[in-house]
Engineer: 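The structure's right below; bear with me while I get my questions together.
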Number of protein chains: 2
Amino acid sequence: MVSYNTANPGYQGRMTSPQPRKRDAQATKARILEAAQSVFARTSYADAGIREIAARAGVSTTLLLQYFGSKAGLYEEALNLLVPLGDVLQTPRAQFGQALAEALLHSGDQKIRPTLMIPLAGGDSEAATIAARVMEERAIAPLAAWLGPPNARARALEIAAMATGLVTYTAYLPLRAHTGQDIAHMAAWFAQNVQTIVDNGAD
Amino acid sequence: MVSYNTANPGYQGRMTSPQPRKRDAQATKARILEAAQSVFARTSYADAGIREIAARAGVSTTLLLQYFGSKAGLYEEALNLLVPLGDVLQTPRAQFGQALAEALLHSGDQKIRPTLMIPLAGGDSEAATIAARVMEERAIAPLAAWLGPPNARARALEIAAMATGLVTYTAYLPLRAHTGQDIAHMAAWFAQNVQTIVDNGAD
DNA sequence: ATTGTAACTTATCAACTGATAACTTATCGG
DNA sequence: CCGATAAGTTATCAGTTGATAAGTTACAAT
(Lines give C-alpha, C1' and ligand atoms only; values in the text may rest on other atoms or scores of the structure.)
Protein backbone atom coordinates (compact mmCIF):
# COMPACT_ATOMS: atom_id res chain seq x y z
CA MET A 1 0.00 0.00 0.00
CA VAL A 2 1.36 3.40 -0.92
CA SER A 3 1.07 5.61 2.10
CA TYR A 4 1.67 9.31 2.38
CA ASN A 5 2.54 11.30 5.44
CA THR A 6 4.20 8.27 6.93
CA ALA A 7 7.71 6.94 7.02
CA ASN A 8 8.17 5.96 3.40
CA PRO A 9 9.95 8.83 1.75
CA GLY A 10 10.47 8.95 -1.94
CA TYR A 11 8.72 5.75 -2.85
CA GLN A 12 6.64 6.36 -5.94
CA GLY A 13 4.58 3.21 -6.01
CA ARG A 14 5.56 2.30 -9.54
CA MET A 15 5.33 -1.37 -8.83
CA THR A 16 1.66 -1.51 -7.92
CA SER A 17 0.55 1.00 -10.54
CA PRO A 18 2.94 1.09 -13.51
CA GLN A 19 1.84 4.55 -14.53
CA PRO A 20 2.89 7.21 -12.00
CA ARG A 21 -0.54 8.68 -12.67
CA LYS A 22 -1.19 11.85 -14.61
CA ARG A 23 -1.97 15.09 -12.83
CA ASP A 24 -5.67 15.75 -13.03
CA ALA A 25 -7.25 17.80 -10.30
CA GLN A 26 -10.79 16.89 -11.19
CA ALA A 27 -10.14 13.18 -11.22
CA THR A 28 -8.23 13.43 -7.99
CA LYS A 29 -11.06 15.31 -6.33
CA ALA A 30 -13.43 12.62 -7.48
CA ARG A 31 -11.19 9.91 -6.08
CA ILE A 32 -11.04 11.68 -2.74
CA LEU A 33 -14.81 12.05 -2.61
CA GLU A 34 -15.30 8.40 -3.41
CA ALA A 35 -12.89 7.37 -0.69
CA ALA A 36 -14.58 9.73 1.72
CA GLN A 37 -17.98 8.24 1.00
CA SER A 38 -16.86 4.72 1.68
CA VAL A 39 -14.98 5.59 4.84
CA PHE A 40 -17.68 7.86 6.27
CA ALA A 41 -20.25 5.20 5.50
CA ARG A 42 -18.34 2.54 7.38
CA THR A 43 -17.35 4.34 10.54
CA SER A 44 -18.84 7.29 12.32
CA TYR A 45 -17.76 10.80 11.46
CA ALA A 46 -15.53 11.13 14.48
CA ASP A 47 -13.91 7.77 13.92
CA ALA A 48 -13.19 8.38 10.27
CA GLY A 49 -9.76 9.90 9.83
CA ILE A 50 -8.53 12.25 7.19
CA ARG A 51 -5.41 10.17 6.86
CA GLU A 52 -7.27 6.99 5.99
CA ILE A 53 -9.37 8.74 3.39
CA ALA A 54 -6.34 10.37 1.84
CA ALA A 55 -4.44 7.10 1.76
CA ARG A 56 -7.35 5.32 0.13
CA ALA A 57 -7.46 8.01 -2.54
CA GLY A 58 -3.69 7.82 -2.96
CA VAL A 59 -3.14 11.42 -1.94
CA SER A 60 -1.58 13.35 0.88
CA THR A 61 -3.81 14.74 3.58
CA THR A 62 -2.62 18.19 2.67
CA LEU A 63 -4.05 17.96 -0.79
CA LEU A 64 -7.32 16.73 0.55
CA LEU A 65 -7.56 19.69 2.89
CA GLN A 66 -6.50 22.06 0.16
CA TYR A 67 -9.43 20.92 -1.98
CA PHE A 68 -12.10 20.69 0.67
CA GLY A 69 -10.95 23.14 3.29
CA SER A 70 -11.53 20.93 6.30
CA LYS A 71 -12.73 17.53 7.31
CA ALA A 72 -16.21 18.95 7.81
CA GLY A 73 -16.16 20.44 4.34
CA LEU A 74 -15.21 17.12 2.83
CA TYR A 75 -17.96 15.43 4.81
CA GLU A 76 -20.56 17.83 3.51
CA GLU A 77 -19.51 17.52 -0.12
CA ALA A 78 -19.33 13.75 0.14
CA LEU A 79 -22.84 13.56 1.54
CA ASN A 80 -24.29 15.97 -0.95
CA LEU A 81 -22.93 13.90 -3.77
CA LEU A 82 -24.99 10.89 -2.90
CA VAL A 83 -28.35 12.38 -3.94
CA PRO A 84 -30.13 9.56 -2.26
CA LEU A 85 -33.60 9.51 -3.73
CA GLY A 86 -32.85 10.58 -7.27
CA ASP A 87 -33.60 7.35 -9.09
CA VAL A 88 -36.20 6.00 -6.73
CA LEU A 89 -38.38 9.07 -7.07
CA GLN A 90 -38.64 8.31 -10.78
CA THR A 91 -40.43 5.02 -10.31
CA PRO A 92 -44.22 4.89 -10.59
CA ARG A 93 -45.99 5.73 -7.36
CA ALA A 94 -47.56 2.30 -7.19
CA GLN A 95 -44.18 0.61 -6.90
CA PHE A 96 -42.40 3.10 -4.69
CA GLY A 97 -42.35 0.94 -1.59
CA GLN A 98 -40.90 -2.02 -3.42
CA ALA A 99 -38.36 0.11 -5.25
CA LEU A 100 -37.12 1.76 -2.07
CA ALA A 101 -36.83 -1.56 -0.28
CA GLU A 102 -34.70 -2.97 -3.08
CA ALA A 103 -32.56 0.11 -3.27
CA LEU A 104 -31.88 -0.06 0.43
CA LEU A 105 -31.23 -3.76 0.74
CA HIS A 106 -29.42 -4.51 -2.49
CA SER A 107 -27.41 -1.41 -3.21
CA GLY A 108 -23.78 -2.28 -3.47
CA ASP A 109 -22.78 -0.57 -0.27
CA GLN A 110 -22.64 2.70 -2.10
CA LYS A 111 -25.24 5.18 -3.29
CA ILE A 112 -28.34 5.16 -1.16
CA ARG A 113 -27.30 3.04 1.75
CA PRO A 114 -24.71 5.40 3.19
CA THR A 115 -27.14 8.25 2.97
CA LEU A 116 -29.44 6.61 5.41
CA MET A 117 -26.50 6.37 7.71
CA ILE A 118 -26.15 10.09 7.82
CA PRO A 119 -27.91 10.24 11.16
CA LEU A 120 -25.18 8.07 12.54
CA ALA A 121 -23.06 11.17 12.63
CA GLY A 122 -23.67 12.07 16.24
CA GLY A 123 -25.73 14.18 18.58
CA ASP A 124 -24.81 17.81 18.89
CA SER A 125 -21.49 17.71 17.13
CA GLU A 126 -20.54 19.72 14.10
CA ALA A 127 -21.08 16.60 12.03
CA ALA A 128 -24.66 16.26 13.20
CA THR A 129 -25.48 19.79 12.13
CA ILE A 130 -24.11 19.15 8.67
CA ALA A 131 -25.82 15.79 8.43
CA ALA A 132 -29.14 17.23 9.49
CA ARG A 133 -28.96 19.98 6.88
CA VAL A 134 -28.03 17.61 4.09
CA MET A 135 -30.68 15.12 5.13
CA GLU A 136 -33.30 17.85 5.26
CA GLU A 137 -32.43 19.29 1.86
CA ARG A 138 -31.70 16.14 -0.09
CA ALA A 139 -34.08 13.63 1.42
CA ILE A 140 -36.87 14.90 3.66
CA ALA A 141 -37.79 17.98 1.64
CA PRO A 142 -37.81 16.35 -1.82
CA LEU A 143 -39.64 13.35 -0.49
CA ALA A 144 -42.25 15.54 1.18
CA ALA A 145 -42.73 17.49 -2.03
CA TRP A 146 -43.10 14.27 -3.98
CA LEU A 147 -45.61 12.87 -1.51
CA GLY A 148 -47.80 15.96 -1.44
CA PRO A 149 -50.47 16.86 1.11
CA PRO A 150 -51.80 16.12 3.56
CA ASN A 151 -49.15 15.86 6.26
CA ALA A 152 -46.42 15.71 3.67
CA ARG A 153 -43.61 16.37 6.09
CA ALA A 154 -44.76 13.95 8.76
CA ARG A 155 -45.19 11.22 6.17
CA ALA A 156 -41.77 11.90 4.72
CA LEU A 157 -40.26 11.62 8.17
CA GLU A 158 -42.05 8.36 8.76
CA ILE A 159 -40.60 6.88 5.61
CA ALA A 160 -37.16 8.18 6.48
CA ALA A 161 -37.50 6.72 9.96
CA MET A 162 -38.33 3.28 8.63
CA ALA A 163 -35.57 3.44 6.07
CA THR A 164 -32.96 4.46 8.61
CA GLY A 165 -34.13 1.77 10.99
CA LEU A 166 -34.14 -0.89 8.31
CA VAL A 167 -30.62 -0.14 7.19
CA THR A 168 -29.41 0.15 10.76
CA TYR A 169 -30.63 -3.28 11.76
CA THR A 170 -29.90 -5.13 8.55
CA ALA A 171 -26.61 -3.70 7.39
CA TYR A 172 -25.05 -1.38 9.90
CA LEU A 173 -25.09 -2.84 13.38
CA PRO A 174 -22.98 -5.98 13.65
CA LEU A 175 -25.86 -8.01 15.05
CA ARG A 176 -26.10 -11.76 15.00
CA ALA A 177 -26.63 -12.76 11.36
CA HIS A 178 -30.20 -12.68 10.13
CA THR A 179 -31.80 -15.61 8.36
CA GLY A 180 -33.06 -15.27 4.82
CA GLN A 181 -36.56 -15.54 6.20
CA ASP A 182 -36.00 -12.63 8.54
CA ILE A 183 -34.67 -10.46 5.73
CA ALA A 184 -37.54 -11.38 3.44
CA HIS A 185 -40.09 -10.67 6.14
CA MET A 186 -38.56 -7.31 6.90
CA ALA A 187 -38.33 -6.35 3.25
CA ALA A 188 -41.97 -7.17 2.68
CA TRP A 189 -43.02 -5.34 5.82
CA PHE A 190 -41.02 -2.29 4.82
CA ALA A 191 -42.26 -2.15 1.25
CA GLN A 192 -45.87 -2.52 2.27
CA ASN A 193 -45.78 0.09 5.00
CA VAL A 194 -43.99 2.62 2.86
CA GLN A 195 -46.49 2.04 0.10
CA THR A 196 -49.34 2.59 2.54
CA ILE A 197 -47.88 5.93 3.51
CA VAL A 198 -47.50 6.89 -0.15
CA ASP A 199 -51.04 5.90 -1.07
CA ASN A 200 -52.97 6.84 2.05
CA GLY A 201 -52.29 10.53 2.07
CA ALA A 202 -55.70 11.06 3.65
CA ASP A 203 -55.09 8.40 6.32
CA MET B 1 -17.46 24.02 38.10
CA VAL B 2 -15.00 21.84 39.91
CA SER B 3 -12.70 20.33 37.37
CA TYR B 4 -10.09 17.69 37.85
CA ASN B 5 -7.10 16.97 35.74
CA THR B 6 -6.93 20.59 34.74
CA ALA B 7 -5.09 23.61 36.01
CA ASN B 8 -6.88 24.13 39.30
CA PRO B 9 -4.74 22.45 41.89
CA GLY B 10 -5.89 22.04 45.40
CA TYR B 11 -9.29 23.62 45.05
CA GLN B 12 -11.77 21.54 46.96
CA GLY B 13 -14.98 23.02 45.70
CA ARG B 14 -16.29 23.81 49.16
CA MET B 15 -18.14 26.85 47.93
CA THR B 16 -20.47 25.09 45.53
CA SER B 17 -21.03 22.05 47.72
CA PRO B 18 -20.52 22.83 51.41
CA GLN B 19 -19.94 19.20 52.28
CA PRO B 20 -16.62 17.93 50.91
CA ARG B 21 -18.60 14.80 50.11
CA LYS B 22 -18.19 11.52 51.92
CA ARG B 23 -16.21 8.69 50.43
CA ASP B 24 -18.59 6.11 49.06
CA ALA B 25 -17.41 3.97 46.20
CA GLN B 26 -20.85 2.68 45.29
CA ALA B 27 -22.42 6.10 45.15
CA THR B 28 -19.48 7.41 43.15
CA LYS B 29 -19.77 4.57 40.64
CA ALA B 30 -23.44 5.36 40.28
CA ARG B 31 -22.70 9.04 39.67
CA ILE B 32 -20.16 8.13 37.02
CA LEU B 33 -22.60 5.82 35.28
CA GLU B 34 -25.29 8.46 35.29
CA ALA B 35 -22.92 11.01 33.83
CA ALA B 36 -21.79 8.50 31.22
CA GLN B 37 -25.36 7.81 30.16
CA SER B 38 -26.16 11.43 29.60
CA VAL B 39 -22.95 12.17 27.74
CA PHE B 40 -23.03 9.05 25.57
CA ALA B 41 -26.66 9.78 24.76
CA ARG B 42 -25.89 13.28 23.58
CA THR B 43 -22.84 12.77 21.44
CA SER B 44 -21.51 9.76 19.61
CA TYR B 45 -19.22 7.32 21.32
CA ALA B 46 -16.12 8.68 19.68
CA ASP B 47 -17.03 12.27 20.44
CA ALA B 48 -17.79 11.63 24.07
CA GLY B 49 -14.71 12.15 26.20
CA ILE B 50 -13.71 10.47 29.40
CA ARG B 51 -12.76 13.84 30.81
CA GLU B 52 -16.19 15.34 30.33
CA ILE B 53 -17.89 12.37 31.94
CA ALA B 54 -15.50 12.43 34.87
CA ALA B 55 -15.94 16.17 35.37
CA ARG B 56 -19.71 15.83 35.28
CA ALA B 57 -19.50 13.15 37.95
CA GLY B 58 -17.10 15.27 39.96
CA VAL B 59 -14.30 12.74 39.77
CA SER B 60 -10.90 12.39 38.23
CA THR B 61 -10.54 10.43 35.01
CA THR B 62 -8.22 8.09 36.81
CA LEU B 63 -10.89 6.98 39.23
CA LEU B 64 -13.32 6.44 36.41
CA LEU B 65 -10.83 4.21 34.63
CA GLN B 66 -9.99 2.39 37.83
CA TYR B 67 -13.63 1.46 38.28
CA PHE B 68 -14.50 0.59 34.71
CA GLY B 69 -11.22 -0.43 33.22
CA SER B 70 -11.49 1.54 30.03
CA LYS B 71 -13.77 3.86 28.13
CA ALA B 72 -15.26 0.88 26.34
CA GLY B 73 -15.94 -0.85 29.62
CA LEU B 74 -17.73 2.19 30.95
CA TYR B 75 -19.75 2.40 27.75
CA GLU B 76 -20.88 -1.19 28.06
CA GLU B 77 -21.89 -0.87 31.69
CA ALA B 78 -23.70 2.37 31.06
CA LEU B 79 -25.69 0.84 28.21
CA ASN B 80 -26.52 -2.30 30.11
CA LEU B 81 -27.91 -0.27 32.94
CA LEU B 82 -30.63 1.22 30.81
CA VAL B 83 -32.69 -1.96 30.53
CA PRO B 84 -34.75 -0.35 27.84
CA LEU B 85 -37.93 -2.34 27.62
CA GLY B 86 -38.40 -3.34 31.23
CA ASP B 87 -41.46 -1.30 32.07
CA VAL B 88 -43.04 -1.25 28.65
CA LEU B 89 -43.09 -5.03 28.42
CA GLN B 90 -45.33 -5.04 31.50
CA THR B 91 -48.18 -3.20 29.82
CA PRO B 92 -51.08 -5.21 28.37
CA ARG B 93 -50.47 -6.42 24.84
CA ALA B 94 -53.36 -4.41 23.49
CA GLN B 95 -51.73 -1.12 24.50
CA PHE B 96 -48.14 -1.92 23.69
CA GLY B 97 -47.90 0.33 20.65
CA GLN B 98 -49.27 3.32 22.49
CA ALA B 99 -47.10 2.67 25.54
CA LEU B 100 -43.93 2.40 23.51
CA ALA B 101 -44.72 5.56 21.58
CA GLU B 102 -45.19 7.50 24.79
CA ALA B 103 -42.09 6.07 26.36
CA LEU B 104 -40.05 7.10 23.34
CA LEU B 105 -41.46 10.56 22.83
CA HIS B 106 -42.01 11.73 26.38
CA SER B 107 -39.20 10.12 28.33
CA GLY B 108 -37.17 12.76 30.07
CA ASP B 109 -34.15 12.30 27.90
CA GLN B 110 -33.09 9.43 30.10
CA LYS B 111 -34.13 5.81 30.33
CA ILE B 112 -35.37 4.51 27.03
CA ARG B 113 -34.45 7.25 24.65
CA PRO B 114 -30.70 6.85 24.87
CA THR B 115 -31.05 3.14 24.41
CA LEU B 116 -32.49 3.61 21.00
CA MET B 117 -29.49 5.72 20.22
CA ILE B 118 -27.21 2.82 20.78
CA PRO B 119 -26.90 2.24 17.05
CA LEU B 120 -25.47 5.69 16.77
CA ALA B 121 -22.25 4.23 18.04
CA GLY B 122 -20.60 3.72 14.67
CA GLY B 123 -19.89 1.20 11.96
CA ASP B 124 -17.14 -1.27 12.59
CA SER B 125 -15.62 0.38 15.60
CA GLU B 126 -15.19 -1.20 18.98
CA ALA B 127 -18.19 0.80 20.15
CA ALA B 128 -20.40 -0.71 17.49
CA THR B 129 -19.55 -4.22 18.56
CA ILE B 130 -20.43 -3.42 22.14
CA ALA B 131 -23.60 -1.61 21.15
CA ALA B 132 -24.71 -4.47 18.96
CA ARG B 133 -24.24 -7.01 21.70
CA VAL B 134 -26.11 -4.94 24.26
CA MET B 135 -28.90 -4.19 21.82
CA GLU B 136 -29.22 -7.84 20.93
CA GLU B 137 -29.30 -9.04 24.52
CA ARG B 138 -31.35 -6.32 26.16
CA ALA B 139 -33.77 -5.31 23.43
CA ILE B 140 -34.08 -7.57 20.39
CA ALA B 141 -33.98 -10.91 22.19
CA PRO B 142 -36.39 -10.05 25.03
CA LEU B 143 -38.74 -8.35 22.63
CA ALA B 144 -38.70 -11.35 20.29
CA ALA B 145 -39.40 -13.68 23.19
CA TRP B 146 -42.25 -11.48 24.32
CA LEU B 147 -43.73 -11.33 20.83
CA GLY B 148 -43.58 -15.06 20.21
CA PRO B 149 -43.86 -16.90 16.89
CA PRO B 150 -44.15 -16.67 14.03
CA ASN B 151 -41.21 -14.63 12.80
CA ALA B 152 -40.47 -13.38 16.28
CA ARG B 153 -37.04 -12.07 15.46
CA ALA B 154 -38.00 -10.32 12.25
CA ARG B 155 -40.93 -8.66 13.97
CA ALA B 156 -38.75 -7.58 16.87
CA LEU B 157 -36.30 -6.05 14.43
CA GLU B 158 -39.09 -4.23 12.66
CA ILE B 159 -40.25 -2.65 15.89
CA ALA B 160 -36.69 -1.74 16.82
CA ALA B 161 -36.19 -0.24 13.38
CA MET B 162 -39.23 1.98 13.69
CA ALA B 163 -38.30 2.98 17.21
CA THR B 164 -34.77 3.91 16.28
CA GLY B 165 -36.00 5.84 13.27
CA LEU B 166 -38.63 7.66 15.28
CA VAL B 167 -36.20 8.78 17.93
CA THR B 168 -33.61 9.70 15.35
CA TYR B 169 -35.88 12.02 13.44
CA THR B 170 -37.80 13.52 16.34
CA ALA B 171 -35.18 13.95 19.03
CA TYR B 172 -31.71 13.23 17.80
CA LEU B 173 -31.00 14.90 14.50
CA PRO B 174 -31.07 18.70 14.75
CA LEU B 175 -33.59 19.01 11.95
CA ARG B 176 -35.83 21.97 11.36
CA ALA B 177 -38.36 22.02 14.22
CA HIS B 178 -41.41 19.85 13.73
CA THR B 179 -44.94 21.16 14.20
CA GLY B 180 -47.20 19.68 16.83
CA GLN B 181 -49.25 18.20 14.00
CA ASP B 182 -46.21 16.42 12.60
CA ILE B 183 -45.33 14.95 15.97
CA ALA B 184 -48.90 13.83 16.61
CA HIS B 185 -49.15 12.26 13.17
CA MET B 186 -45.90 10.39 13.64
CA ALA B 187 -46.82 9.21 17.12
CA ALA B 188 -50.13 7.85 15.91
CA TRP B 189 -48.51 6.22 12.92
CA PHE B 190 -45.85 4.62 15.10
CA ALA B 191 -48.25 3.33 17.74
CA GLN B 192 -50.58 1.83 15.19
CA ASN B 193 -47.90 0.09 13.17
CA VAL B 194 -46.19 -1.34 16.22
CA GLN B 195 -49.52 -2.60 17.48
CA THR B 196 -50.17 -4.25 14.15
CA ILE B 197 -46.89 -6.09 14.39
CA VAL B 198 -47.70 -7.20 17.93
CA ASP B 199 -51.19 -8.43 17.04
CA ASN B 200 -50.67 -9.79 13.57
CA GLY B 201 -48.20 -12.49 14.34
CA ALA B 202 -49.64 -14.54 11.53
CA ASP B 203 -49.38 -11.65 9.02
C1' DA C 1 -4.30 6.68 68.96
C1' DT C 2 -2.41 3.95 65.29
C1' DT C 3 -2.40 1.83 61.25
C1' DG C 4 -4.07 -0.80 57.19
C1' DT C 5 -6.57 -0.30 53.36
C1' DA C 6 -9.77 1.58 50.22
C1' DA C 7 -10.85 5.92 47.89
C1' DC C 8 -9.20 9.28 45.32
C1' DT C 9 -5.80 12.63 42.98
C1' DT C 10 -1.58 14.74 40.56
C1' DA C 11 1.59 14.45 37.15
C1' DT C 12 2.72 12.54 33.04
C1' DC C 13 2.81 9.69 28.74
C1' DA C 14 2.69 8.13 23.98
C1' DA C 15 -0.30 8.15 20.22
C1' DC C 16 -3.09 10.34 17.23
C1' DT C 17 -6.03 14.22 15.45
C1' DG C 18 -6.83 18.03 12.04
C1' DA C 19 -4.38 21.65 10.21
C1' DT C 20 -0.51 24.90 8.19
C1' DA C 21 3.78 26.71 6.01
C1' DA C 22 7.02 25.92 2.91
C1' DC C 23 8.88 23.20 -0.52
C1' DT C 24 9.07 20.35 -5.13
C1' DT C 25 7.60 18.88 -9.63
C1' DA C 26 4.77 18.07 -13.61
C1' DT C 27 2.26 20.29 -17.34
C1' DC C 28 1.26 23.42 -20.95
C1' DG C 29 0.96 27.89 -23.70
C1' DG C 30 4.10 31.06 -25.93
C1' DC D 1 12.92 25.28 -24.99
C1' DC D 2 11.07 27.91 -21.07
C1' DG D 3 9.02 29.67 -17.24
C1' DA D 4 4.52 30.43 -14.97
C1' DT D 5 1.15 28.08 -12.55
C1' DA D 6 -1.31 24.45 -10.81
C1' DA D 7 -0.75 19.85 -8.59
C1' DG D 8 1.22 17.67 -5.33
C1' DT D 9 4.35 16.61 -1.29
C1' DT D 10 7.33 16.74 3.23
C1' DA D 11 7.97 18.27 7.64
C1' DT D 12 5.93 19.88 11.52
C1' DC D 13 2.66 21.77 14.98
C1' DA D 14 -0.42 22.39 18.78
C1' DG D 15 -4.21 20.24 20.88
C1' DT D 16 -6.60 16.25 22.55
C1' DT D 17 -7.31 11.55 23.67
C1' DG D 18 -7.23 7.31 26.58
C1' DA D 19 -4.32 5.39 29.79
C1' DT D 20 -0.63 4.54 33.74
C1' DA D 21 2.54 5.00 37.80
C1' DA D 22 3.09 6.89 41.87
C1' DG D 23 1.46 9.28 45.21
C1' DT D 24 -1.98 11.26 49.01
C1' DT D 25 -5.90 11.32 52.12
C1' DA D 26 -9.87 9.74 54.58
C1' DC D 27 -12.05 6.20 57.21
C1' DA D 28 -12.78 2.17 60.12
C1' DA D 29 -11.30 -1.44 63.05
C1' DT D 30 -8.24 -2.70 66.56
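To find a chain, count down the sequence lines: A is the first, B the second, and so on, and within it residues start at 1. Just so we're clear, the structure is a prediction, and the values are computed from it rather than from any experiment.
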Engineer: Side chain of A:Tyr67, heavy atoms from C-beta onward: which of C:dT27, C:dT9, D:dA7 has the nearest atom to it?
Structural biologist: D:dA7
Engineer: Test of understanding: with side chain to side chain donor-acceptor pair (under 3.5 Å), list the residues that count as partners of A:Glu77, not counting sequence neighbours.
Structural biologist: none
Engineer: Base, sugar-phosphate or nothing for B:Ala27? Non-hydrogen atoms, less than 4.0 Å.
Structural biologist: nothing
Engineer: C:dA7 P sits how many Å from B:Lys22 NZ, rounded?
Structural biologist: 15 Å
Engineer: Return the nearest nucleotide to the side chain of A:Leu65; candidates are D:dC27, D:dA7, C:dA19.
Structural biologist: C:dA19
Engineer: List in chain and number order the residues that pass side-chain contact (heavy atoms from CB on, under 4.5 Å) with A:Ala99, two or more places apart in sequence or in another chain; answer none if no residue qualifies.
Structural biologist: A:Val88, A:Thr91
Engineer: Take atom NZ of B:Lys71 and atom P of D:dT17, then tell me their distance rounded to the nearest Å.
Structural biologist: 9 Å
Engineer: Has the side chain of A:Thr62 got a donor or acceptor that lies under 3.5 Å from a partner of the other kind on the base of D:dT10?
Structural biologist: yes
Engineer: To the side chain of A:Ser60, which of C:dT9, D:dT9, C:dC8 is closest?
Structural biologist: D:dT9
Engineer: If you check the A:Ile50 side chain, which of D:dG8, C:dA19, D:dA26 turns out closest?
Structural biologist: C:dA19
Engineer: Per the atom types in the model, does the base of D:dT16 pair as donor or acceptor with the side chain of B:Arg51 at under 3.5 Å?
Structural biologist: no
Engineer: Less than 3.5 Å apart, any donor N or O on the side chain of A:Tyr45 or A:Ser125 sitting next to an acceptor on the other?
Structural biologist: no
Engineer: Suppose we screen for salt bridge (charged side-chain N to carboxylate O under 4.0 Å, His left out). Which residues come up paired with A:Glu52, at least two apart in sequence or across chains?
Structural biologist: A:Arg42, A:Arg56
Engineer: Starting at the 5' end of DNA chain C, write a dot or bracket for each base, bracketing those in Watson-Crick or G-U wobble pairs whose two distances are under 3.5 Å and using | for partners on another strand.
Structural biologist: ||||||||||||||||||||||||||||||
Engineer: The criterion is side chain to side chain donor-acceptor pair (under 3.5 Å); which residues satisfy it with B:Asn193, sequence neighbours excluded?
Structural biologist: none
Engineer: What pairs with B:Phe68 under ring-ring contact (aromatic ring centres under 6.0 Å, His included), at least two apart in sequence or on another chain?
Structural biologist: none
Engineer: Got a salt bridge between A:Glu137 and B:Arg176, using NZ or NE/NH1/NH2 to carboxylate O under 4.0 Å?
Structural biologist: no
Engineer: For DNA chain D, whose closest nucleotide is more 5', that of A:Arg31 or that of B:Ala72?
Structural biologist: A:Arg31
Engineer: With respect to the side chain of A:Ser70, which nucleotide from C:dA6, C:dT25, C:dA19 is positioned closest?
Structural biologist: C:dA19
Engineer: Both A:Gln66 and A:Gly49 contact DNA chain C. Taking the nearest nucleotide for each, which residue is further toward the 5' end?
Structural biologist: A:Gly49
